[in-house]
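Note on naming: letters A, B, ... go to the chains in the order of the sequence lines (proteins, then strands), and numbering restarts at 1 for each one.
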Protein chains: 2
Amino acid sequence: MKIATYNVNGINGRLPVLLRWLEEAQPDVVCLQELKAPQQRFPIKEINAAGYNAIWNGQKSWNGVAILAKDLEITEVQRSLPGDPEDIQSRYIEAIINQTVICCLYLPNGNPYPGPKFDYKIAWIKRLKKRINQLIKMDLPAVVIGDFNIIPTASDVYKSERWEDNALYRKEVKTAYKQILKKGWTDAIRTLYPEETIYTFWDYLYNSYSRNAGMRLDHILLSPYLAGNLKSGGVDKHVRGWEKSSDHAPVWIILD
Amino acid sequence: MKIATYNVNGINGRLPVLLRWLEEAQPDVVCLQELKAPQQRFPIKEINAAGYNAIWNGQKSWNGVAILAKDLEITEVQRSLPGDPEDIQSRYIEAIINQTVICCLYLPNGNPYPGPKFDYKIAWIKRLKKRINQLIKMDLPAVVIGDFNIIPTASDVYKSERWEDNALYRKEVKTAYKQILKKGWTDAIRTLYPEETIYTFWDYLYNSYSRNAGMRLDHILLSPYLAGNLKSGGVDKHVRGWEKSSDHAPVWIILD
DNA sequence: GCAAGGCTAG
DNA sequence: CTAGCCTTGC
């Protein structure tokens with residue numbers, strides 16, 4: 001089973017690129033972030049025509065997440081991250097597909113630091129930990145996947161020294177990520193490539209992509225149940241170079 | 001010499017359509033209206049690459065006029081319509097090309113009627129008459145061409161009875177147009193096709209184009225000196241059906 | 001319905 | 001830089 005994540009940065013503006021990549025990559029399951037479209041404006045017709053079922057959680061202008069699956073039933077489990085009924089941002093959707101729990105997330109960016117947006121990010125991570133640690137406790141086959149807006153280590157960003165006070169790289173955030181791994185989650189891409197420089201995001205500004213001034217923000221975490229099934233994985237970096245591309249590239253793994 | 005007018009409704013958004021039409025129609029002289037681009041954002045490089053010289057009078061967001069010519073020298077005569085130094089709208093540009101005076105105009109729409117915008121339109125027409133009647137008095141070969149925002153007669157609009165109070169069809173405006181013709185200007189398209197229903201504009205709304213609910217707003221007037229040289233002319237109506245088209249279609253004549 | 005610009009967020 | 005939304009004008 002090939003499982004991928006792609007922050008599309010606008011599902012409607014990105015549709016031609018998304019369809020082109022789906023056709024090329026043929027993933028079985030795809031988690032999308034930053035739909036930037038209200039629930040009714042998700043292009044379900046075109047997604048269906050490409051051979052995918054989908055569930056999604058839209059929001060006007062910002063955020064929005066979706067899970068797509070090809071020839072597999074999608075059983076929706078959660079449409080929001082438990083723990084804060086006041087939180088109305090569409091950043092989380094969870095489903096069972098092919099006997100595997102798929103947790104698709106778009107974690108808050110948190111900038112500027114310090115401030116309420118950073119506090120919201122930290123609180124959101126806390127809720128996430130609670131949710132996903134339950135999955136481990138229940139010994140379920142689970143994948144936590146999406147745009148974490150977290151740069152895990154200095155190797156995951158170009159010129160890390162410039163990012164110390166950025167919410168993507170603040171020590172509170174890196175610590176939280178480490179704690180998640182410590183509970184038993186496997187960072188699939190880093191496990192496959194322990195030493196390589198791997199980025200999943202390049203800013204639209206400053207010619208970041210051509211200078212390869214990127215960062216690794218999009219992650220795929222495997223529960224202990226699944227860790228041994230990891231076959232391969234990677235970043236479809238070339239997609240970032242396509243005309244009208246997102247600022248993120250798709251990330252994928254294959255589980256057997 | 002083939003001379004055309006085309007209200008592009010945004011020169012930058014319309015560039016692919018404009019270049020496609022230039023390639024297809026091969027006009028020698030083209031007058032453009034509604035550039036909707038400041039002076040510095042006119043795509044002169046692409047226009048040059050298509051084989052055209054150009055002069056233009058840009059304005060941020062609104063209006064804007066240009067004259068293009070292929071293999072012909074453009075001698076700019078006026079960058080605004082004389083008679084009101086306070087008028088800063090970019091609606092007029094005049095040049096001599098191939099020994100012919102080309103007056104390219106984008107006449108004010110004038111809606112809503114009544115009101116200051118309508119008064120501005122009437123005042124603008126008065127200034128125009130003054131300018132172009134001088135050209136006749138001097139017995140010059142001259143073409144007054146562009147988007148007049150005037151529906152000359154009931155035959156020039158779908159369901160004329162609905163338009164009596166619209167600034168495009170108000171009697172003051174129709175009367176002014178008739179007065180212009182009376183001074184000796186020849187409405188080239190109407191002269192070539194005295195009886196046909198000919199439209200040059202179809203609103204983006206209400207499926208106007210597919211219902212052919214249009215109007216004739218773009219005109220080419222010939223001075224007496226040139227009237228006998230009119231060979232042929234027409235409206236490139238099919239261009240209005242192209243993907244991402246303007247709401248106007250190009251209008252052209254051939255003079256010998 | 002469409003284009004531009006100004007806004008906000010990244 | 002880029003997307004979406006809002007406003008303005010037609």
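Using a 30° and 60° split on the angle between ring planes, B:Phe42 and B:Trp56 fall in the parallel class, below 30°.
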* Asked: With the sugar-phosphate defined as primed atoms, P, OP1 and OP2, and the base as all remaining atoms, what B/S/- string results for nucleotides 5-10 of chain D, 5' to 3', for protein heavy atoms under 4.0 Å?
  -> SS-BSS
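Contact annotation: the side chain of B:Asn7 never approaches that of B:Phe201 to less than 4.5 Å [non-hydrogen atoms, C-beta and beyond]. Residues B:Leu181 and B:Leu221 are in side-chain contact: their nearest non-hydrogen atoms beyond the backbone lie under 4.5 Å apart. Within the 4.5 Å cutoff, side-chain heavy atoms of A:Asn111 are placed close to those of A:Asn166. Using a 4.5 Å heavy-atom threshold, the side chains of B:Ile220 and B:Val143 count as touching.
No hydrogens or angles considered: nothing links the side chains of B:Asp87 and B:Tyr92 as a donor-acceptor pair under 3.5 Å.
In this structure, A:Trp242 places its CH2 atom 17 Å from P of D:dT2, rounding to the nearest Å.
Close approach of DNA chain C to chain A, defined as any atom under 4.0 Å from a non-hydrogen atom of the protein, starts and stops at C:dT8 to C:dG10.
A side-chain contact (heavy atoms from CB on, under 4.5 Å) with B:Leu32 is found for exactly one of B:Ile11, B:Asp147, B:Thr5, namely B:Ile11.
No more than 12 heavy atoms of other residues, nucleotides or ligands sit less than 6.0 Å from atom OH of A:Tyr206.
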